[in-house]
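Let me begin by presenting the structure, written as structure tokens, before commenting on it.
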Amino acid sequence: MIAVASIMPEPVRKLITVEAPAERAFEVFTSQFGTWWPATHSIGSSPLKNAVIEPRTGGRWCEVGEDGSECEWGEVIAWEKPTRLVLAWRIDVDWRYDPNLLTEVEVRFTQVSENATQVEFEHRLLENMGDNAAAARESFSSPGGWPGLLAAYAEKVKVA
């Protein structure tokens with residue numbers, strides 16, 4: 001009998017440069033997360049009012065609905081201001097919170113000049129989504145996924 005190795009999907013990786021020092025780039029990504037995250041990207045039962053990353057390791061990553069309800073997305077695994085952030089993404093391919101699912105979003109901020117920061121983004125451990133891993137990666141890589149979200153973030157950094 002021949003063993004067949006499962007093929008793990010590659011992480012979603014993006015590299016962008018934003019027009020801001022690393023401290024500012026980190027601040028806009030984290031403390032101002034709800035200002036650039038689109039209201040269309042919500043999993044709660046109420047329309048999205050805000051999206052929040054609590055500023056500490058162990059902090060919550062969640063959304064707040066217009067009715068005040070909160071919907072978990074995951075939590076902060078590493079908070080290394082202003083150079084690195086790691087978040088637990090616990091949203092399944094059907095866009096529901098699953099406390100038993102763990103994929104990771106890591107964002108690194110490297111200042112490359114006085115007013116420019118390279119932002120290195122990786123969404124990994126997609127294989128933890130099981131049979132839905134390839135579909136999840138395709139969704140995350142689509143224009144409405146991380147590429148579009150990071151473009152919105154870069155625009156917010158410019159005007160912030």
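All heavy atoms count here, side chains included; hydrogens, waters and symmetry mates do not. Start at 1 with the first residue, then count along the sequence.
- Taking the charged nitrogens against the carboxylate oxygens, Arg60 and Glu54 do have a contact shorter than 4.0 Å, which makes a salt bridge.
- The hydrophobic cluster around Ile77 extends to Val86, Leu102, counting ILVMFWY residues whose side-chain heavy atoms fall within less than 4.5 Å of a member.
- Scored by the side-chain contact (heavy atoms from CB on, under 4.5 Å) test, Pro38 finds Thr40, His41, Leu149 as partners (sequence neighbours excluded).
- Pro99 and Arg90 make their closest contact through O-NH1, 3.0 Å (heavy atoms, listed as atom of the first residue, atom of the second, distance).
- Other members of the cluster containing Leu15 do not exist, because no ILVMFWY side chain is joined to it at under 4.5 Å.
- At a threshold of 4.5 Å between non-hydrogen side-chain atoms, the residues Thr35 and Tyr153 do not count as touching.
- The heavy-atom pair separating Phe140 from Met129 by the smallest distance is CZ-CE, 4.0 Å.
- For Glu114, there are no side-chain contact (heavy atoms from CB on, under 4.5 Å) partners, not counting sequence neighbours.
- Under 4.0 Å is where a charged nitrogen must lie from a carboxylate oxygen, and between Lys14 and Glu120 no such pair does.
- Using a 4.5 Å heavy-atom threshold, the side chains of Asp92 and Asn132 count as separate.
- Between Val28 and Phe33 the shortest side-chain heavy-atom distance does not fall below 4.5 Å.
- Nearest heavy atom pair, residue Ala133 against residue Pro9, reads CB-CG, 3.6 Å.
- Within the hydrophobic cluster formed by Ile, Leu, Val, Met, Phe, Trp and Tyr side chains joined at under 4.5 Å, directly or through other members, Val64 is accompanied by Val52.
- Shown here for Arg137 and Val12, the closest heavy-atom pair between the two residues is CG-CG2, 3.9 Å.
- Atom OG of Ser113 and atom CD of Glu19 lie 9.5 Å apart (nearest 0.5 Å).
- Within 6.0 Å of CG on Asp94 lie more than 12 heavy atoms contributed by other residues, nucleotides or ligands.
- With sequence neighbours excluded, no residue forms a side-chain hydrogen bond (donor to acceptor under 3.5 Å, both in side chains) with Thr30.
- Taking the side-chain hydrogen bond (donor to acceptor under 3.5 Å, both in side chains) definition, one finds that Glu138 meets it with nothing, sequence neighbours left out.
- With values rounded to the nearest 0.5 angstrom, Glu70 atom CD is found 5.0 Å from Cys62 atom SG.
- Checked against a 6.0 Å centroid threshold, the rings of Trp73 and Trp95 do not count as neighbours.
- Looking at Asp98 and Arg96, their side chains never come closer than 4.5 Å, going by heavy atoms from C-beta outward.
- No side-chain donor from either of Trp36 and Glu155 sits under 3.5 Å from a side-chain acceptor of the other.
- Criterion: ILVMFWY side-chain heavy atoms under 4.5 Å apart, direct or through other members. Under it, Tyr97 and Trp61 are part of a common hydrophobic cluster.
- Cluster annotation: Trp37 is connected to Val18 through the hydrophobic network of ILVMFWY side chains, with a link wherever side-chain heavy atoms come within less than 4.5 Å.
- Taking Ala39 as the reference, Leu48 meet the side-chain contact (heavy atoms from CB on, under 4.5 Å) condition, with sequence neighbours excluded.
- A donor-acceptor contact shorter than 3.5 Å links the side chain of Ser142 to the backbone of Ser139.
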Inset, instruction - Could you go through the side chain to side chain contact (heavy atoms under 4.5 Å, CB included) check for Asn50 and Glu63 one step at a time? - result: CA-CA 6 Å; Asn50 196 13; Glu63 69 179 76; over 6 Å; no

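- In terms of heavy atoms, Phe109 sits closest to Pro82 at CB-O, 3.3 Å.
- Scanning for side-chain hydrogen bond (donor to acceptor under 3.5 Å, both in side chains) contacts around Asp67 gives Ser46, Ser69, with sequence neighbours left out.
- Taking the six-membered ring where the residue is Trp, His123 and Trp146 present perpendicular rings, their angle passing 60° and hence far from 30°.
- When all heavy atoms of Leu126 and Glu10 are compared, the pair lying nearest together is CD1-O, 3.8 Å.
- Between Leu87 and Leu85 there is a side-chain heavy-atom pair separated by less than 4.5 Å.
- In the hydrophobic clustering of this structure, Val107 groups with Trp89; members are Ile, Leu, Val, Met, Phe, Trp, Tyr whose side-chain heavy atoms approach within less than 4.5 Å, directly or through other members.
- Take Gln111 and apply the side-chain contact (heavy atoms from CB on, under 4.5 Å) test, not counting sequence neighbours, and it matches Pro21, Ala22, Thr117.
- With sequence neighbours left out, the ring-ring contact (aromatic ring centres under 6.0 Å, His included) criterion links Trp79 to Phe26.
- Looking at residues two or more places apart in sequence or on another chain, you find a side-chain hydrogen bond (donor to acceptor under 3.5 Å, both in side chains) between Arg124 and Glu104, Glu106, Glu122.
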